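As structure tokens, the structure follows; a few thoughts come after it.
Numbers restart at 1 for each chain; the letters A, B, ... are given by sequence-line order, proteins then strands. Everything numeric in this text was worked out from a predicted model, so none of it was measured. Computed over heavy atoms, backbone and side chain alike; hydrogens, waters and symmetry mates excluded.
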Amino acid sequence: MTEQQVRVRFAPSPTGPLHIGGVRTALYNYLFARKHGGKMILRIEDTDSNRFVPGAEDYIVEAFQWLGVEFDEGVHMGGEYGPYRQSERREIYKKYVDQLLEAGKAYIAFDTPEELAAKREEIKNFQYDAQTRGMMRNSLTLSKEEVDQLIADGNKYVVRFLIEPGRDVKVNDLIRGEVVINSSILDDKVLYKSADQLPTYHLANIVDDHLMKISHVIRGEEWLPSAPLHVLLYEAFGWADIAPAFAHLPLLLKPEGNGKLSKRDGDRLGFPVFPLQWTDPKTGDISSGYRESGYLPEAVVNFLALLGWNPGTDEELMSMARLIELFDLDRCNKSGAKFDYEKGRWFNHEYILHMDDALIAPTFIELMAEEGVEVTTEQALTVIGLMKSRANFIKELVPACRFFFVAPTEYDKKTAKKRWKADSPALMAELAELLENMADFSPENQETEVKAWIEAKEYHLGNIMNAWRLSLVGEGKGPHMFDISAFLGKEETLRRMRQAIDVLPRKEA
RNA sequence: GGCCCAUUCGUCUAUCGGUUAGGACGCCAGGUUUUCAUCCUGGAAAGAGGAGUUCGACUCUCCUAUGGGCUACCA
């Protein structure tokens, strides 16, 4: 057997923003493809015309661009197996549906949605299958003339897959091993709807995967129950021996409580479940996105990769290249993973820590400008270097760094109470005088001279530094004091110190 | 209800018959620091329950329980 080229696809339905679980599925497909030198395809499954949402397709493309998940073929870039939008492949599906019809492996059914609903009311656990198809209105129970007439009269119909009962259908799953389901529990799935002349997911999926030469179908666990149906379809078309391999990924679950992670959870728990912000075109509702929330795409990718897979070592911080190097379907978990949002924050923190300050600077400058604070690139670089170990998100740097550019207008009460002592005004005045006469205001020289002064006078270091910090920052936080004063410059440093002496309350000794 | 999948610290997970059950997030304590953060050290914290198989089971089998998914002319 020759090793066939790895070709995988991510095939979302354009019904809204891309769910984070879908992002992970796409990511695993991508890692797998790159790992094996294969191709990654983006196919749009828009066979349900009723659920089409404008903008969703562009959103999907943009989301993957942001994340760094690249495609080799797809709806947005073409390729030799197109078109990649299922609504543009009507004729193709029709041909295959007819093939099944002619072979007697599918049949035409006229039962209306209303009639089916009535049947479900009438018979509990009603299923359109070998048991019941004999009592329905279809090409198995009606004569050919009747069928032709009904169609000629313009009656809507569907094509159903004829499933033979009593067969054990085996699905070989790369993650779960062999899963066996008896065909008797499967229903005669609708493959095609005459109403919009489109197939349903199942038919389109099998036909496209075959035509696009997909080698591995890596998708969410929610598809596992219909995998036997897909196996049967491959058989019906005579493609059983060239069918793709399956791998069903565990689901992403709610962080607390039960169930699959949903759009609502994000709103409720205060974290995004979508890669990019999304505005519902109908309701105008806005759902937050990882990008807009300040996440770095690398952090999101790293975080997501580890939800359901691990390299088998303690390595946790991995670039896309490293993930590709290490990824293996054999190391994917079988059980669903609760979405650990806290860990996502930690990943972002780590990526900010390791990120080049020059890459953070433009975003920082922009965010500061929005707050009405003009910052030069040089200033930004200094401040980011000093402050980024305190931030989980770049935007957290904005309030944290404000004091570098804007003098405090009020002082943190708790800190003032603790750090501004009876002798503080006098000490600050003395320190101000020392600084004023200092020729070299570099942080190094300041440190040398100030510490020498403290030592000579036998002052308490913490006493001086904490009061000084309160004067310049307004609270008890921030980097090394001399870095702050040096950044501020002598003039501003002295101004803030005098202001603190004026404004902060005097205490009895 | 039926069918399928799953089940190790609160969470993400390692372990592929023999381990003091390891790591990470979060949490707590201590250290470093003029403060906060970073960083370092330490701590609490787990094999759902019950039967087997075996000299030996977290690991294999079965049952139960629990969780999850599917059960559309949606994907």
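- B:rC74 atom P lies 9 Å from atom NE2 of A:H202, rounded to whole Å.
- Distances from the side chain of A:D340 to the nucleotides B:rA75, B:rU35, B:rU11 place B:rU11 closest.
- You'll find that the side chain of A:E45 is closest to B:rA75, out of B:rU13, B:rC25, B:rA75.
- Between A:R331 and the phosphate of B:rU15, there is a side-chain N or O to OP1/OP2 separation shorter than 4.0 Å.
- The side chain of A:E222 sits closest to B:rG69 out of B:rA24, B:rG69, B:rC5.
- The nucleotide whose nearest atom lies closest to any side-chain atom of A:V158 is, among B:rU34, B:rC73, B:rA14, B:rC73.
- Judged by atom type and distance alone, A:S389 reaches the base of B:rA37 through a side-chain donor-acceptor pair under 3.5 Å.
- Between A:E315 atom CD and B:rA14 atom P the separation is 15 Å, expressed in whole Å.
- Residue A:T47 has a polar side-chain atom (N or O) positioned under 4.0 Å from OP1 or OP2 of B:rA75.
- At B:rC3, none of the side-chain N or O atoms of A:N182 fall inside 4.0 Å of OP1 or OP2 (strictly under the cut-off).
- A donor and an acceptor atom sit less than 3.5 Å apart, one in the side chain of A:R51 and one in the base of B:rC74.
- Side-chain atoms of A:K477 stay outside donor-acceptor range of the base of B:rA37, with no qualifying N/O pair under 3.5 Å.
- Residue A:N310 places at least one side-chain N or O under 4.0 Å from the OP1 or OP2 atom of B:rA14.
- Around the CD atom of A:E115, the shell of radius 6.0 Å holds more than 12 heavy atoms that belong to other residues, nucleotides or ligands.
- We find that OH of A:Y201 is positioned 16 Å from P of B:rA72, with the value rounded to whole Å.
- One interatomic measurement links the two molecules: CG of A:N125 to P of B:rG1, which rounds to 11 Å at whole-angstrom precision.
- In this view, A:K193 and A:D196 satisfy the salt bridge (charged side-chain N to carboxylate O under 4.0 Å, His left out) rule, not counting sequence neighbours.
- Nucleic acid contact for A:D111: base, since at least one base atom lies under 4.0 Å from a heavy atom of the residue.
- In this structure, A:R43 does not reach the B:rA75 phosphate: none of its side-chain N or O atoms is under 4.0 Å from OP1 or OP2.
- Within 4.0 Å of A:G344, counting heavy atoms only, lies no atom of the nucleic acid at all.
- On the C1' atoms, B:rU19 is 46 Å away from B:rU34, given to the nearest whole Å.
- Going from the P atom of B:rC62 to that of B:rC25 covers 38 Å, rounded to whole Å.
- If you take atom C1' in B:rU38 and the same atom in B:rA46, they sit 30 Å apart, rounded to whole Å.
- Rounded to whole Å, atom P of B:rU33 lies 10 Å from atom NZ of A:K451.
- Judged by a 6.0 Å distance limit and a 45° cone about the ring axis, A:R402 is not positioned over the six-membered ring of A:F404.
- Using a 4.0 Å heavy-atom criterion, one finds that A:W468 contacts no nucleic acid atom at all.
- A gap of 13 Å separates the C1' atoms of B:rU53 and B:rU59, to the nearest Å.
- Rounded to whole Å, the P atom of B:rC16 lies 23 Å from the corresponding atom of B:rG10.
- The same atom, P, is picked in B:rG31 and in B:rG23; the two are 23 Å apart, to the nearest Å.
- Counting non-hydrogen atoms under 4.0 angstrom, A:P12 reaches nothing in the nucleic acid.
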What's the verdict on salt bridge (Lys or Arg N to Asp or Glu O under 4.0 Å) for A:D48 and A:R51, showing C-alpha distance, side-chain angles and the deciding distance? CA-CA 6 Å; A:D48 184 359; A:R51 296 212 306 160; 3.6 Å; yes

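- Distances from the side chain of A:R390 to the nucleotides B:rA37, B:rC73, B:rC5 place B:rA37 closest.
- Distance noted for atom P between B:rU13 and B:rA48: 15 Å (whole Å).
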Between A:R120 and A:E122, is the salt bridge (Lys or Arg N to Asp or Glu O under 4.0 Å) condition met? List the steps. CA-CA 5 Å; A:R120 290 188 185 102; A:E122 181 190 330; over 6 Å; no

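- Distance, A:N466 CG to B:rU35 C1': 5 Å, rounded to whole Å.
- Residue contacts for A:D314: at a heavy-atom cut-off of 4.0 Å it reaches the sugar-phosphate backbone alone, with no base atom in range.
- The side chain of A:L251 lies closest to B:rG69 when the candidates are B:rG69, B:rA75, B:rU13.
- Ring centroid separation for the pair A:Y459 and A:W453 comes in under the 6.0 Å cut-off.
- Using a 4.0 Å heavy-atom criterion, one finds that A:A195 contacts no nucleic acid atom at all.
- Atom NZ in A:K418 sits roughly 9 Å away from atom P in B:rU35 (whole-Å rounding).
- The cationic group of A:R160 lies under 6.0 Å from the six-membered ring centre of A:Y128 and within 45° of the ring axis, placing it in a cation-pi geometry.
- Applying the 4.0 Å criterion to OP1 and OP2 of B:rC25, one finds that A:R345 has every side-chain N and O outside that range.
- Look at the P atom in both B:rU41 and B:rA24: the space between them is 10 Å, to the nearest Å.
- Between A:K334 and A:P250, the closest heavy-atom pair is O-CB, 3.7 Å.
- Put simply, CG on A:L461 is 10 Å from P on B:rU33, counting in whole angstrom units.
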